[in-house]
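It should be emphasised that the depicted structure is a prediction, and the values quoted were computed from it without experimental measurement.
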Amino acid sequence: MKKRLVFTLLQLCVCMGLMAKSYTVTSPNGKLKVQVEVGNTLSYQLLMGQSVLVSPSTLSMKTEAGTWGVGSKLKKASATSHKGTIQAFAYKRSVVSDVYNQLRLQFKEGFSVIFRMYDEGMAYRFVSDTQRELKIEEEEVTVNFPQDWTSLVPYVNDAGDREDQLHTSFESKYTRCVISKLKTNRLIFSPLMVEAENGVKLCLAESDVENYPGLFFIGTGKGACIKGVSAPYPKRVKQGGHNKLQLQVKEREPYLVKSRAGQQFPWRIVNVATEDKQLLDNDMVYRLASPNRIGDVSWVKPGKVAWEWWNDWGLYGVDFKAGVNTETYKCYIDFASRNGIEYVILDEGWAVNLKADLFQVVPEIDLKEIIDYGKAKNVGIILWAGYYAFERDMERVCKHYSEMGVKGFKIDFMDRDDAACVDFEFRAAATTAKYKMLCDLHGTHKPTGLNRTYPNVVNFEGVRGLENNKWGAYPKYDQVQYDVIVPFLRMLAGPMDYTQGAMLNGTRETYRPSNSEPMSQGTRTHQLAEYVIFLSPLNMLCDSPMHYDENPECTEFIAKIPTVWEETIPLQSVIGEYVAVARRNGDKWYVGATTNWTARDLTLDLTPLKVAGRKAVAFYDGVNADRFAQDYKKKEIEIPQDGKLTVHLAPGGGFAMQIPL
């Protein structure tokens with residue numbers, strides 16, 4: 001035990017025949033504390049000063065050998081402090097602070113519960129202290145709040161029965177609702193937010209989910225309380241779904257998972273922010289994940305991708321028929337090469353449809369010719385792969401295509417987070433790493449730190465990205481409103497494969513969905529700003545090469561912007577209203593800001609960047625961007641000496657800037 005005592009024995013009292021013990025663990029800065037009570041049940045409450053943020057909430061884990069946390073006998077309580085750093089990779093900063101106070105409660109029944117307090121919030125997890133494998137039948141995750149506060153939650157899209165809801169793309173809009181009115185028959189995935197008093201925001205998340213299902217929440221209909229729900233382990237699956245590329249669960253076991261000896265279960269996190277902008281800069285999920293397992297990461301190359309699916313292989317002015325064929329992909333490679341873009345993806349269509357066989361390539365594609373052409377142009381090739389097609393032949397697929405020179409896989413349509421699917425993603429990460437390939441998990445749940453454990457996993461979907469503009473009609477589908485919520489919540493969990501970069505842009509009045517000529521909602525500079533705001537180490541340029549060629553100023557900005565960062569500083573932001581972030585890579589700062597459909601003048605305090613008097617290149621909404629969303633103005637400006645820069649954002653607008661140091 002370290003010399004510094006980080007928990008206090010508060011009291012001893014007789015309760016239901018057991019000796020109840022209470023412990024307090026404070027955050028390093030002393031502002032937060034968790035009070036843990038060990039009696040016939042195990043519970044905690046979270047406080048900021050004297051204000052209760054989470055009321056006493058019980059936790060337990062039901063196993064085949066008994067229920068941990070109910071009638072359990074405490075064997076030992078130990079306290080430690082830790083002060084260190086984590087060298088991050090492909091992240092929003094190069095060094096992550098890792099400073100916490102910890103309480104470990106060991107029980108005679110062969111398990112422990114660990115509580116950690118950080119300045120950003122608290123986390124707890126169960127740990128098996130036995131060398132037995134155990135069936136985990138259920139985990140009790142109860143969160144009680146002291147008042148019926150307002151929540152901001154993503155319900156799963158499917159409103160069907162429980163099994164239908166467990167099969168989801170994790171791409172939902174957000175709903176505001178007081179806690180007591182949350183649906184009791186509709187799953188919510190995390191991260192989710194609760195608005196406490198005095199502007200405090202609580203954001204529930206999880207980290208280090210391995211050999212275990214992800215966590216949903218659901219309303220209880222019993223006051224200000226929500227409870228956790230997880231998918232039981234699949235007993236029987238059947239090939240089906242999108243183009244027969246999914247494994248659909250037809251029957252489930254009466255347990256969540258068979259745990260491993262000594263297994264550490266997922267961290268349950270309550271993030272705390274006193275200002276909205278702090279949620280843009282939260283590191284809890286990353287720091288709580290298991291460390292790097294692949295060793296040397298020098299071969300892992302994040303970057304940008306020229307992507308054909310969103311723009312429907314949208315070439316024009318060429319002398320061949322555009323589509324899934326060799327000529328089209330060579331054209332995309334040419335575009336990527338002349339703009340310094342690292343990769344081209346061959347998305348769905350290069351492998352024969354309905355076969356779920358990645359060795360059956362359509363006759364219009366000469367894959368070796370495309371790969372060799374890309375290599376000659378310094379452009380890597382990434383292949384799209386459906387879940388079942390990749391799962392059934394993972395080792396052989398990775399070996400074969402790595403030897404051909406393919407740089408990675410974009411794996412799609414998992415659409416589950418039960419323990420079997422989580423295990424697939426770990427195996428996919430490990431196998432692609434073995435063959436020095438990147439892995440982009442599309443069609444997946446929110447990240448829980450896998451990108452730290454396997455740094456070759458460079459991106460995740462689990463986000464309602466720009467692809468929805470191809471079919472979503474406004475106002476039912478409101479991408480602009482989503483864009484000023486998702487950085488605070490979904491992005492708190494990790495990178496987002498959102499796939500921005502539209503050069504056709506629409507106002508509320510002019511936007512229309514289209515498959516072959518898709519456009520974004522909001523202004524051109526809204527799209528540019530997203531390359532700064534959204535964390536996306538493998539980042540798409542979603543539009544047609546011809547559209548980019550016709551817009552050289554914007555193309556140069558997004559083609560050259562980094563995708564990983566050494567430093568991130570959130571600027572003044574309000575959830576659901578506007579968002580602003582500054583990020584640094586090397587000797588350049590980038591600033592991005594977006595708004596909802598409300599036009600506003602936003603004053604950006606750039607003082608922390610220490611750039612007063614510096615010259616900058618900035619992209620503003622044009623004077624007529626409220627009517628013509630593609631209207632923008634590029635300017636060379638000087639940062640004011642007081643560090644305060646006021647910018648005007650049009651409805652659905654944005655602002656983007658590069659500041660050389």
Taking the inter-plane angle between the rings of Tyr124 and Phe126 on a 0 to 90° scale, is it parallel (under 30°), tilted (30 to 60°) or perpendicular (over 60°)? perpendicular
Using a 6.0 Å distance limit plus a 45 degree cone around the ring axis, check whether Arg93 lies over the aromatic ring of Tyr286. no
If only side-chain N and O atoms count, and only distance matters, is there a donor-acceptor pair under 3.5 Å linking Asn157 with Ser172? yes
Lys470 atom NZ: more than 12 heavy-atom contacts under 6.0 Å: yes
Inter-residue atom distance Met414.CE - His167.NE2, 0.5 Å rounding: 11.0 Å
Contact list for residues 415-442, test ring-ring contact (aromatic ring centres under 6.0 Å, His included), sequence neighbours left out: Tyr387-Phe424
Short side-chain to backbone donor-acceptor contact, Tyr548 and Gly501, under 3.5 Å: yes
Determine, for Glu327 against Lys321, whether the closest basic-nitrogen to carboxylate-oxygen distance falls under 4.0 angstrom. no
So, for Ala356 and Gln239, which heavy atoms are closest and what is the spacing to 0.1 Å? CB-NE2, 3.7 Å
Residue pairs fulfilling salt bridge (Lys or Arg N to Asp or Glu O under 4.0 Å) with at least one residue in residues 433-447, sequence neighbours excluded: Glu206-Lys446, Glu395-Lys434
Mind checking side chain to side chain donor-acceptor pair (under 3.5 Å) for Glu171 and listing every partner two or more places apart, or none if nothing turns up? none
Under a 4.5 Å cut-off applied to non-hydrogen side-chain atoms, are Pro487 and Phe534 in contact? yes
Taking side chain to side chain donor-acceptor pair (under 3.5 Å) as the test, write out the residues that go with Ser290, two or more places apart. Asp208
Any donor and acceptor pair, going by atom type alone, linking the side chain of Thr555 with main-chain N or O of Asn551 inside 3.5 Å? yes
So, does Glu566 use its side chain to make a donor-acceptor pair with the main chain of Arg584 at under 3.5 Å? no
Tell me whether Lys304 at atom NZ has more than 12 heavy atoms from other residues, nucleotides or ligands lying less than 6.0 Å away. yes
How close do Leu358 and Trp384 get, counting heavy atoms only, and between which atoms? CD2-O, 4.3 Å
Ignoring hydrogens and angles, tell me if any N or O in the side chain of Thr432 forms a donor-acceptor pair with the backbone of Ala428 under 3.5 Å. yes
Who are the side chain to side chain donor-acceptor pair (under 3.5 Å) partners of Arg287, not counting sequence neighbours? Glu120
Does any non-hydrogen side-chain atom of Phe265 lie less than 4.5 Å from one of Ser128? yes
Which residue pairs pass the salt bridge (Lys or Arg N to Asp or Glu O under 4.0 Å) test when at least one of the two sits in residues 534-550, sequence neighbours left out? Arg338-Asp549
Residues passing the ring-ring contact (aromatic ring centres under 6.0 Å, His included) test with Phe170, sequence neighbours excluded, are Phe189, Phe216
Of all residues at least two apart in sequence or in a different chain, which pass the side-chain contact (heavy atoms from CB on, under 4.5 Å) check with Ser536? Asn459, Asn539
What residue pairs, at least two apart or across chains, pass salt bridge (Lys or Arg N to Asp or Glu O under 4.0 Å) with a residue in residues 369-382? Lys330-Glu369, Asp334-Lys377, Lys368-Asp372
Just wondering, do Phe359 and Asp393 contact through their side chains at under 4.5 Å, heavy atoms? yes
Tell me, do Lys92 and Asp283 make a side-chain contact under 4.5 Å, heavy atoms counted? yes
Side-chain donor-acceptor contact under 3.5 Å, Thr568 with Asp281: no
Please check if the side chain of Gln500 supplies one atom and the backbone of Glu530 the other of a donor-acceptor pair under 3.5 Å. yes
Do His547 and Asn311 get their side chains close enough for a donor-acceptor pair, meaning under 3.5 Å? no
Sequence neighbours excluded, every pair satisfying salt bridge (Lys or Arg N to Asp or Glu O under 4.0 Å) that has a member inside residues 231-245: Lys235-Glu251, Arg236-Glu251
Looking at side-chain heavy atoms only, is the closest gap between Leu538 and Phe460 below 4.5 Å? no
Restricting to side-chain contact (heavy atoms from CB on, under 4.5 Å), what partner residues turn up for Val297, sequence neighbours left out? Phe89, Asn292, Ile294, Val300, Pro455
Between the side chains of Asn451 and Tyr91, does any donor sit under 3.5 Å from an acceptor? no
The criterion is side chain to side chain donor-acceptor pair (under 3.5 Å); which residues satisfy it with Asn378, sequence neighbours excluded? none
So that I can tick it off, tell me whether Glu461 and Lys410 are bridged by a salt bridge, with the cut-off set at under 4.0 angstrom between side-chain N and carboxylate O. no
Measure the spacing between CG of Leu245 and CG of Asp415 and express it to the nearest 0.5 Å. 11.0 Å
Check: Glu308 and Cys331 side chains under 4.5 Å, non-hydrogen atoms: no
If you measure only the distance, is there a donor-acceptor pair under 3.5 Å linking the side chains of Thr444 and Glu425? yes
Can you find a side-chain donor-acceptor pair between Tyr343 and Trp307 that sits under 3.5 Å? no
If every non-hydrogen atom of Ala90 is compared with every non-hydrogen atom of Val564, which pair is closest and at what distance? CA-CG1, 3.3 Å
Validation row: Tyr401, Phe409 side chains within 4.5 angstrom (heavy atoms): yes
Rounded to the nearest 0.5 Å, what separation is found between the OG atom of Ser190 and the CG atom of Leu204? 7.5 Å
Donor-acceptor side-chain pairing of Ser516 and Asp312 below 3.5 angstrom: yes
Does the distance from a Lys or Arg side-chain N to an Asp or Glu carboxylate O, for Glu139 and Arg268, drop under 4.0 Å? yes
Ser230 side chain vs Gly214 backbone, donor-acceptor pair below 3.5 Å: yes
Contact between Met546 and Val318 at the side-chain level, heavy atoms closer than 4.5 Å - yes or no? yes
Checking the side chain of Asn339 only, and the main-chain atoms of Ile341 only, is there a donor and an acceptor separated by less than 3.5 Å? no
Would you find a donor on one side and an acceptor on the other, under 3.5 Å apart, between the side chain of Arg583 and the backbone of Val532? yes
When you measure from the side chain of Asn456 to the backbone N and O of Met437, does any donor-acceptor pair fall under 3.5 Å? yes
So, Gln263 versus Tyr212: side-chain donor-acceptor pair below 3.5 Å or not? no
